[in-house]
Amino acid sequence: MIRVIRGVRDILPGEAVQWQSVEAEARRIFGLYGFHELRTPIMERTELFARAVGETSDIVEKEMYSFPDRKGASISLRPEGTASVVRSFMENGFERQLPWKVFYMGPMFRYERPQKGRYRQFHQIGCELFGPQGPLADAEMMAMAMRYLGQIGLAEGLTLELNSLGCPACRPAYREKLTSYLESKKEALCGHCQSRMDRNPLRILDCKTPGCREIAQSAPHMKEHLCDDCQSHFDGLLAHLDGMQLPYQINPLMVRGLDYYNRTAFEITTGDLGAQNAVAAGGRYDRLVADMGGRAMPAIGFAMGVERLVLLLGEQNQTTPPAPSVYMVVAGPEAEAVALAAAESIRGADITLEVNLQGGGMRNQMKKAARSGAAITVIIGDHEAAQKVAQCKVMESGEQQEISLADLPERLKSDLK
RNA sequence: GCGGUCGUAGCUCAGUCGGUAGAGCCCUGGAUUGUGAUUCCAGUUGUCGCGAGUUCAAAUCUCGUCGAUCGCCCCA
């Protein structure tokens with residue numbers, strides 16, 4: 001038997017019910033804020049991701065699904081959504097219609113070792129906002145994310161963590177301070193962090209090794225070394241969050257893994273997913289559009305992991321798809337044509353009806369009717385077909401009555417209320 | 001890419017010291033030749049993840065491999 005490839009999986013009908021509501025709520029809530037859906041391709045030129053996400057990021061260096069197409073161009077399955085949104089923004093000239101507010105949802109691909117809440121094909125719902133440079137936008141994005149999560153039933157146990165990563169004006173100086181501090185403690189760092197010293201010293205801050213955590217705690221933190229502009233942006237953001245009474249936690253050790261972030265970075269975390277504690281994450285990327293060849297354009301965005309949302313929804317998970325309202329038992333060869341026509345007329349009245357298509361004896365079909373979860377079973381046998389009637393059985397009470405086929409849609413409609 | 005644990009029926013699992021595989025649920029038929037919980041009777045379910053090795057004999061021991069899971073790394 002051919003099985004699915006590692007790290008990907010089927011979302012079966014029972015679980016898909018949950019996915020549909022998670023997606024529908026996203027459309028609804030983001031719509032309340034004036035965001036519209038953007039659908040981008042799931043594959044792009046490799047170069048797009050390499051430049052947007054960062055040539056030296058782990059995602060680009062070792063996690064991308066890249067392959068040559070038939071003409072030899074390097075194509076990649078998208079590892080995240082922002083790069084394509086930025087590309088679309090520039091390509092379609094939305095720089096002239098600011099602010100541009102979009103959301104997207106769909107599969108992303110990263111070649112990683114699968115784990116709880118982490119798959120090679122995973123799904124994100126994300127939002128991006130281009131244009132505004134003040135902290136009002138940051139605050140609204142966070143409010144929107146939290147409102148959405150609360151709306152789908154995840155308000156409990158989530159923490160909004162945020163930090164400022166500074167900007168090109170203040171980060172280099174901070175980085176030097178941090179590096180010289182870390183040099184003095186180099187002996188005490190874990191081996192991994194020692195090798196990170198040159199490449200990306202900021203990432204040492206969120207190392208989980210106990211020794212490194214202590215060192216990180218007392219290290220100089222970016223938020224104490226922000227330039228005036230970054231500082232007032234950060235202060236403004238906090239004031240807006242307070243104004244909305246949105247609880248948050250400043251995490252001076254939070255460092256995002258993608259290269260394009262500046263100033264505001266935030267994560268929404270949970271303690272219930274093992275090592276994968278982030279359900280949503282995002283931040284500002286004011287330089288990305290310019291780096292990609294567009295004009296200077298402030299922007300902010302975030303993305304949520306749908307698998308993680310659905311996992312957290314946990315026990316609310318449905319394991320069976322919704323039941324039909326009516327189940328139709330077809331008993332006898334003469335009844336088939338009549339039953340099928342009756343079924344069509346009932347569906348025409350907007351009633352969900354499932355016809356038994358597999359035949360079998362009455363007992364067998366009634367079992368299937370009960371199992372389907374239908375509230376009412378309509379039985380049409382040869383006898384009923386000849387009389388142009390049907391037996392209508394209310395499953396819960398067991399009451400059964402004969403109704404003419406012509407009246408069936410209306411009667412069912414009122415009985416189902 | 002690295003480490004721990006685990007892979008037996010569609011599902012949940014048992015299987016002793018190595019002796020050629022079981023239960024419950026589900027499913028099918030019947031008791032009831034046209035009526036669903038329950039009950040009773042009968043029946044089907046298997047590459048014991050895959051491949052090699054040791055052995056008279058392997059679900060069981062060894063090695064490899066694939067997959068799941070947990071942690072590292074990284075991230076949604």
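Here is how names work: the chains are called A, B, and so on, in the same order as the sequence lines, proteins then strands, and each is numbered from 1.
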Using the [atom1] atoms only, state how far [M] lies from [N], rounded to an integer number of Å.
N      : M      : atom1 : answer
B/rC73 : B/rU12 : P     : 31 Å
B/rG15 : B/rG22 : P     : 15 Å
B/rG24 : B/rU5  : C1'   : 26 Å
B/rA14 : B/rC48 : C1'   : 13 Å
B/rU39 : B/rU20 : C1'   : 37 Å
B/rG1  : B/rC75 : C1'   : 16 Å
B/rG53 : B/rU45 : C1'   : 32 Å
B/rG49 : B/rA59 : C1'   : 12 Å

Give a yes or no on whether the backbone of [Y] and the side-chain of [X] come within a donor-acceptor separation of less than 3.5 Å.
X        : Y        : result
A/Arg308 : A/Ala278 : yes
A/Lys177 : A/Ala219 : no
A/Arg78  : A/Pro107 : yes
A/Thr179 : A/Arg175 : yes

Please work out if [X] contacts a base, only the sugar-phosphate, or nothing of the nucleic acid, heavy-atom cut-off 4.0 Å.
X        : result
A/Tyr327 : nothing
A/Gln115 : base
A/Ala280 : sugar-phosphate
A/Gly332 : nothing

Nucleotide [N], atom [atom2] - distance to [atom1] of [X] in whole Å:
X        : N      : atom1 : atom2 : answer
A/Asp58  : B/rA76 : CG    : P     : 11 Å
A/Glu128 : B/rA76 : CD    : P     : 12 Å
A/Glu61  : B/rC75 : CD    : P     : 11 Å
A/Glu267 : B/rA76 : CD    : C1'   : 10 Å
A/Arg118 : B/rA76 : CZ    : P     : 11 Å
A/Tyr148 : B/rA76 : OH    : P     : 17 Å
A/Tyr261 : B/rC75 : OH    : C1'   : 11 Å
A/Lys62  : B/rC72 : NZ    : C1'   : 11 Å

Inset, instruction - May I ask you to decide if the ring planes of A/Phe30 and A/Tyr148 are parallel, tilted or perpendicular, using 30° and 60° as cut-offs? - result: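 Aromatic pair A/Phe30/A/Tyr148 classed tilted.
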Inset, instruction - Return the orientation label for the A/Trp100 and A/Phe94 ring planes: parallel under 30°, perpendicular over 60°, tilted otherwise. - result: parallel
Legend entry - From CA spacing to verdict: side chain to side chain donor-acceptor pair (under 3.5 Å), A/Asn251, A/Asn163: CA-CA 6 Å; A/Asn251 178 356; A/Asn163 192 18; over 6 Å; no
Which atom pairs, donor and acceptor, lie under 3.5 Å between side-chain atoms of residues 393-406 of chain A and protein residues at least two apart or in another chain?
from: A/Ser397; atom 1: OG; to: A/Glu399; atom 2: N; distance (Å): 3.2
from: A/Gln400; atom 1: NE2; to: A/Gln391; atom 2: OE1; distance (Å): 3.3
from: A/Gln401; atom 1: OE1; to: A/Arg411; atom 2: NH2; distance (Å): 3.4
from: A/Glu402; atom 1: OE1; to: A/Gln391; atom 2: NE2; distance (Å): 3.1
from: A/Ser404; atom 1: OG; to: A/Asp407; atom 2: N; distance (Å): 3.4
from: A/Ser404; atom 1: OG; to: A/Asp407; atom 2: OD2; distance (Å): 3.2

Inset, instruction - Verify whether one side chain among A/Glu47 and A/Ser74 offers a donor that lies under 3.5 Å from an acceptor in the other. - result: no
Inset, instruction - Establish, yes or no, whether the cationic atom of A/Arg263 lies under 6.0 Å from the six-membered ring centre of A/Phe234 and within 45° of the ring axis. - result: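 Not flagged: A/Arg263 not positioned over aromatic ring of A/Phe234.
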Inset, instruction - Quick one: the dot-bracket string of RNA chain B, using Watson-Crick and G-U wobble pairs with both distances under 3.5 Å, [ ] for crossing pairs and | for bases paired to another strand. - result: (((((((..((((.....[..)))).(((((.......))))).....(((((..]....))))))))))))....
Legend entry - Any pair counted as salt bridge (charged side-chain N to carboxylate O under 4.0 Å, His left out), so long as it reaches residues 133-161 of chain A, sequence neighbours left out: A/Asp138-A/Arg284
Legend entry - Test side-chain contact (heavy atoms from CB on, under 4.5 Å) applied to A/Glu336 - qualifying residues, sequence neighbours left out: A/Val330
Using the 3.5 Å cut-off, write out each protein N or O paired with an N or O of nucleotides 65-68 of chain B and the distance between them.
from: B/rA68; atom 1: OP1; to: A/Gly7; atom 2: N; distance (Å): 3.2
from: B/rA68; atom 1: OP2; to: A/Arg6; atom 2: NE; distance (Å): 2.9

Inset, instruction - Report, as a single string ordered 5' to 3', how protein heavy atoms within less than 4.0 Å touch nucleotides 29-45 of chain B: B base, S sugar-phosphate only, - not at all. - result: SBB--BBB---------
Inset, instruction - May I ask you to verify if any side-chain N or O of A/Lys116 is less than 4.0 angstrom from the OP1 or OP2 atom of B/rC70? - result: yes
Inset, instruction - Using a cut-off of 6.0 Å, state whether more than 12 heavy atoms not belonging to A/Arg347 lie near its atom CZ. - result: yes
